[in-house]
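This report refers to the structure that appears directly beneath it.
Computed from a predicted structure; not experimentally measured. Computation of the quantities below employed the complete heavy-atom set of this structure, encompassing side-chain atoms and omitting hydrogens, waters and symmetry-equivalent molecules.
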Amino acid sequence: YIHPACLRFSRRCGPPMASALARRSSYSLSSSSNLIFGVRPRFSTLIDLDRPSPDGLAILNALGDRIVAILGIEKAALVPRRPRIILPETPIHAVQRGNNRNACFFADGDYTYYLHELQELAPRFQCAIHAYALLTNHVHLLLTPTEPSALSALMKHLGQRYVQYVNRRHGRSGTLWEGRFYSCVVEEESYLLRCYRYIELNPVRAKMVRHPRDYRWSSYRCNAEGEY
(Lines give C-alpha, C1' and ligand atoms only; values in the text may rest on other atoms or scores of the structure.)
Protein backbone atom coordinates (compact mmCIF):
# COMPACT_ATOMS: atom_id res chain seq x y z
CA TYR A 1 0.00 0.00 0.00
CA ILE A 2 2.96 2.34 -0.63
CA HIS A 3 2.78 4.68 -3.62
CA PRO A 4 5.61 4.11 -6.11
CA ALA A 5 6.68 7.75 -5.71
CA CYS A 6 7.65 7.02 -2.09
CA LEU A 7 11.13 5.71 -2.83
CA ARG A 8 13.48 7.49 -0.43
CA PHE A 9 13.35 7.04 3.33
CA SER A 10 15.78 8.89 5.55
CA ARG A 11 16.90 9.04 9.15
CA ARG A 12 19.42 11.21 10.99
CA CYS A 13 21.58 8.40 12.39
CA GLY A 14 21.75 4.73 13.24
CA PRO A 15 20.25 1.68 11.44
CA PRO A 16 16.63 1.91 10.20
CA MET A 17 14.08 0.94 12.83
CA ALA A 18 10.33 0.94 12.26
CA SER A 19 9.58 2.07 15.81
CA ALA A 20 11.42 5.33 15.26
CA LEU A 21 9.36 6.17 12.19
CA ALA A 22 6.50 7.48 14.30
CA ARG A 23 8.74 10.35 15.42
CA ARG A 24 8.54 12.94 12.66
CA SER A 25 11.88 14.48 13.58
CA SER A 26 13.66 11.17 13.04
CA TYR A 27 12.62 10.21 9.51
CA SER A 28 11.85 12.06 6.35
CA LEU A 29 10.36 10.94 3.06
CA SER A 30 11.60 12.62 -0.08
CA SER A 31 10.30 12.44 -3.62
CA SER A 32 12.62 14.42 -5.88
CA SER A 33 13.68 17.36 -3.68
CA ASN A 34 10.45 17.81 -1.69
CA LEU A 35 10.49 16.66 1.94
CA ILE A 36 7.20 15.51 3.44
CA PHE A 37 8.19 14.56 7.00
CA GLY A 38 10.77 15.96 9.41
CA VAL A 39 14.00 17.67 8.48
CA ARG A 40 16.65 17.03 5.87
CA PRO A 41 18.65 13.97 6.96
CA ARG A 42 22.40 13.55 7.16
CA PHE A 43 22.16 10.49 4.91
CA SER A 44 19.42 8.59 3.09
CA THR A 45 18.43 4.96 2.70
CA LEU A 46 17.17 3.98 -0.76
CA ILE A 47 14.70 1.08 -0.63
CA ASP A 48 14.27 -1.27 -3.57
CA LEU A 49 10.49 -1.80 -3.66
CA ASP A 50 10.88 -4.93 -5.79
CA ARG A 51 13.29 -6.61 -3.36
CA PRO A 52 13.23 -4.71 -0.07
CA SER A 53 15.53 -5.76 2.76
CA PRO A 54 14.04 -6.74 6.17
CA ASP A 55 14.81 -3.24 7.45
CA GLY A 56 13.27 -1.80 4.32
CA LEU A 57 10.09 -3.84 4.84
CA ALA A 58 9.88 -2.61 8.42
CA ILE A 59 10.13 0.98 7.23
CA LEU A 60 7.53 0.46 4.49
CA ASN A 61 5.05 -1.12 6.91
CA ALA A 62 5.57 1.50 9.58
CA LEU A 63 5.31 4.31 7.05
CA GLY A 64 2.08 2.80 5.74
CA ASP A 65 0.67 2.71 9.27
CA ARG A 66 1.72 6.32 9.73
CA ILE A 67 0.04 7.43 6.49
CA VAL A 68 -3.12 5.54 7.44
CA ALA A 69 -3.16 7.24 10.86
CA ILE A 70 -2.63 10.71 9.39
CA LEU A 71 -5.23 10.36 6.64
CA GLY A 72 -7.72 8.53 8.83
CA ILE A 73 -8.45 5.85 6.24
CA GLU A 74 -8.52 2.07 6.23
CA LYS A 75 -5.53 0.14 4.97
CA ALA A 76 -7.84 -1.83 2.71
CA ALA A 77 -8.65 1.40 0.87
CA LEU A 78 -4.99 1.64 -0.18
CA VAL A 79 -4.78 -1.91 -1.51
CA PRO A 80 -6.06 -2.46 -5.05
CA ARG A 81 -8.82 -5.04 -5.34
CA ARG A 82 -8.06 -8.30 -7.04
CA PRO A 83 -9.90 -8.52 -10.34
CA ARG A 84 -13.00 -10.71 -10.23
CA ILE A 85 -13.00 -13.58 -12.73
CA ILE A 86 -16.33 -13.63 -14.59
CA LEU A 87 -16.89 -15.71 -17.71
CA PRO A 88 -20.08 -14.93 -19.66
CA GLU A 89 -22.49 -17.86 -19.96
CA THR A 90 -20.58 -19.72 -17.23
CA PRO A 91 -22.19 -20.52 -13.84
CA ILE A 92 -20.99 -18.60 -10.79
CA HIS A 93 -21.30 -19.49 -7.11
CA ALA A 94 -21.76 -16.20 -5.22
CA VAL A 95 -21.81 -15.78 -1.44
CA GLN A 96 -22.64 -12.61 0.48
CA ARG A 97 -22.28 -12.52 4.26
CA GLY A 98 -23.60 -10.27 6.96
CA ASN A 99 -21.15 -7.77 8.42
CA ASN A 100 -18.95 -9.43 11.07
CA ARG A 101 -20.96 -12.64 10.47
CA ASN A 102 -24.01 -11.00 12.07
CA ALA A 103 -27.60 -11.66 10.98
CA CYS A 104 -28.87 -10.09 7.78
CA PHE A 105 -32.38 -11.62 7.94
CA PHE A 106 -34.51 -10.86 10.99
CA ALA A 107 -38.05 -11.93 10.06
CA ASP A 108 -39.92 -13.99 7.43
CA GLY A 109 -40.78 -10.79 5.59
CA ASP A 110 -37.07 -10.10 5.06
CA TYR A 111 -36.55 -13.38 3.22
CA THR A 112 -39.66 -12.76 1.14
CA TYR A 113 -38.53 -9.25 0.19
CA TYR A 114 -35.04 -10.44 -0.80
CA LEU A 115 -36.43 -13.18 -3.04
CA HIS A 116 -38.93 -10.76 -4.59
CA GLU A 117 -36.12 -8.33 -5.47
CA LEU A 118 -33.96 -11.16 -6.76
CA GLN A 119 -36.80 -12.33 -9.01
CA GLU A 120 -37.25 -8.80 -10.35
CA LEU A 121 -33.58 -7.85 -10.82
CA ALA A 122 -32.15 -11.11 -12.22
CA PRO A 123 -33.89 -10.80 -15.63
CA ARG A 124 -33.09 -7.08 -15.74
CA PHE A 125 -29.36 -7.78 -15.45
CA GLN A 126 -29.54 -10.95 -17.55
CA CYS A 127 -28.63 -13.44 -14.83
CA ALA A 128 -30.21 -16.90 -14.75
CA ILE A 129 -30.75 -18.15 -11.19
CA HIS A 130 -30.22 -21.91 -10.73
CA ALA A 131 -30.11 -22.36 -6.96
CA TYR A 132 -30.19 -20.27 -3.80
CA ALA A 133 -30.22 -20.53 -0.02
CA LEU A 134 -30.90 -17.62 2.32
CA LEU A 135 -29.36 -18.35 5.71
CA THR A 136 -29.65 -16.16 8.79
CA ASN A 137 -26.33 -14.40 8.23
CA HIS A 138 -25.42 -15.09 4.61
CA VAL A 139 -26.74 -15.82 1.11
CA HIS A 140 -25.71 -18.45 -1.45
CA LEU A 141 -26.57 -17.97 -5.13
CA LEU A 142 -25.78 -20.18 -8.11
CA LEU A 143 -26.37 -18.20 -11.28
CA THR A 144 -25.18 -17.63 -14.84
CA PRO A 145 -24.55 -14.05 -16.05
CA THR A 146 -24.67 -13.31 -19.77
CA GLU A 147 -22.26 -10.35 -19.53
CA PRO A 148 -19.04 -9.89 -17.51
CA SER A 149 -20.55 -6.95 -15.59
CA ALA A 150 -23.97 -8.55 -15.02
CA LEU A 151 -23.16 -10.30 -11.73
CA SER A 152 -21.66 -7.23 -10.05
CA ALA A 153 -24.56 -5.07 -11.21
CA LEU A 154 -27.10 -7.56 -9.89
CA MET A 155 -25.41 -7.93 -6.49
CA LYS A 156 -24.95 -4.18 -6.16
CA HIS A 157 -28.58 -3.28 -6.82
CA LEU A 158 -29.95 -6.24 -4.89
CA GLY A 159 -27.76 -5.49 -1.89
CA GLN A 160 -28.59 -1.78 -1.87
CA ARG A 161 -32.32 -2.33 -2.15
CA TYR A 162 -32.31 -4.92 0.60
CA VAL A 163 -30.22 -2.82 3.00
CA GLN A 164 -32.54 0.17 2.51
CA TYR A 165 -35.53 -2.08 3.20
CA VAL A 166 -34.02 -3.66 6.34
CA ASN A 167 -32.85 -0.35 7.78
CA ARG A 168 -36.27 1.19 7.24
CA ARG A 169 -38.21 -1.85 8.45
CA HIS A 170 -36.17 -2.55 11.56
CA GLY A 171 -35.16 0.98 12.50
CA ARG A 172 -31.44 0.41 12.04
CA SER A 173 -28.69 2.26 10.19
CA GLY A 174 -25.29 1.59 8.70
CA THR A 175 -23.86 -1.31 6.77
CA LEU A 176 -25.37 -4.78 6.63
CA TRP A 177 -23.07 -6.72 4.32
CA GLU A 178 -19.45 -7.72 4.91
CA GLY A 179 -17.62 -5.95 2.08
CA ARG A 180 -17.47 -7.53 -1.36
CA PHE A 181 -19.34 -10.70 -2.13
CA TYR A 182 -17.37 -13.88 -2.81
CA SER A 183 -17.64 -15.48 -6.24
CA CYS A 184 -16.26 -18.64 -7.81
CA VAL A 185 -16.48 -19.77 -11.43
CA VAL A 186 -18.10 -23.20 -11.85
CA GLU A 187 -16.53 -24.60 -15.00
CA GLU A 188 -16.93 -28.37 -14.67
CA GLU A 189 -20.33 -30.07 -14.84
CA SER A 190 -19.49 -32.36 -11.91
CA TYR A 191 -18.62 -29.35 -9.77
CA LEU A 192 -21.87 -27.68 -10.82
CA LEU A 193 -23.87 -30.58 -9.37
CA ARG A 194 -21.82 -30.44 -6.17
CA CYS A 195 -22.60 -26.73 -5.95
CA TYR A 196 -26.32 -27.43 -6.20
CA ARG A 197 -26.05 -29.92 -3.34
CA TYR A 198 -23.78 -27.75 -1.25
CA ILE A 199 -26.09 -24.73 -1.46
CA GLU A 200 -29.37 -26.53 -0.85
CA LEU A 201 -27.97 -28.69 1.96
CA ASN A 202 -26.62 -25.66 3.83
CA PRO A 203 -29.60 -25.46 6.23
CA VAL A 204 -29.14 -29.15 7.10
CA ARG A 205 -25.43 -28.73 7.83
CA ALA A 206 -26.28 -25.70 9.98
CA LYS A 207 -28.72 -27.94 11.92
CA MET A 208 -31.60 -25.62 11.11
CA VAL A 209 -33.71 -28.46 9.65
CA ARG A 210 -33.41 -32.24 9.34
CA HIS A 211 -34.27 -32.40 5.64
CA PRO A 212 -33.67 -29.70 2.97
CA ARG A 213 -37.35 -29.75 1.94
CA ASP A 214 -38.22 -28.42 5.40
CA TYR A 215 -36.34 -25.17 4.82
CA ARG A 216 -38.55 -22.54 3.18
CA TRP A 217 -35.84 -20.18 1.96
CA SER A 218 -33.90 -22.32 -0.49
CA SER A 219 -34.45 -23.60 -4.02
CA TYR A 220 -34.56 -27.29 -2.98
CA ARG A 221 -38.32 -27.74 -3.39
CA CYS A 222 -38.18 -26.20 -6.85
CA ASN A 223 -35.18 -28.15 -8.11
CA ALA A 224 -35.80 -31.50 -6.39
CA GLU A 225 -39.59 -31.67 -6.18
CA GLY A 226 -40.80 -29.37 -8.96
CA GLU A 227 -42.62 -26.94 -6.66
CA TYR A 228 -42.87 -23.33 -7.80
Quick one: are [X] and [Y] in side-chain contact, heavy atoms under 4.5 Å?
{"X": "Thr90", "Y": "Val186", "answer": "no"}
{"X": "Leu118", "Y": "Leu158", "answer": "yes"}
{"X": "His211", "Y": "Tyr220", "answer": "yes"}

(Q) With rounding to the nearest 0.5 angstrom, report the CG to CG distance, Leu134 to Leu115. (A) 4.5 Å
Q: Would you give the length of the straight line joining atom OH of Tyr114 to atom CZ of Arg161, rounded to the nearest 0.5 angstrom?
A: 12.5 Å
(Q) What verdict does the side-chain contact (heavy atoms from CB on, under 4.5 Å) test give for Gln96 and His138, after you've listed the backbone C-alpha separation in whole Å, the side-chain angles of each residue and the deciding distance to 0.1 Å? (A) CA-CA 6 Å; Gln96 188 150 39; His138 66 286; over 6 Å; no
Q: Kindly state whether the ring of Tyr132 and the ring of His140 have centres lying under 6.0 angstrom apart.
A: no
Q. Looking at the rings of Phe105 and Tyr162, which for Trp means the six-membered one, are their centres under 6.0 Å apart?
A. yes
Q: Under the salt bridge (charged side-chain N to carboxylate O under 4.0 Å, His left out) rule, collect the residues that match up with Arg197, sequence neighbours excluded.
A: none
Q) Tyr198 ring centre to Arg205 NZ or CZ under 6.0 Å, with the angle to the axis within 45°? A) yes
Q | Working for side-chain hydrogen bond (donor to acceptor under 3.5 Å, both in side chains), residues Tyr165 and Arg169 | A | CA-CA 6 Å; Tyr165 161 83; Arg169 178 69 181 268; 2.9 Å; yes
Q: Check whether more than 12 heavy atoms from other residues, nucleotides or ligands sit under 6.0 Å from atom CD of Glu227, and answer yes or no.
A: yes
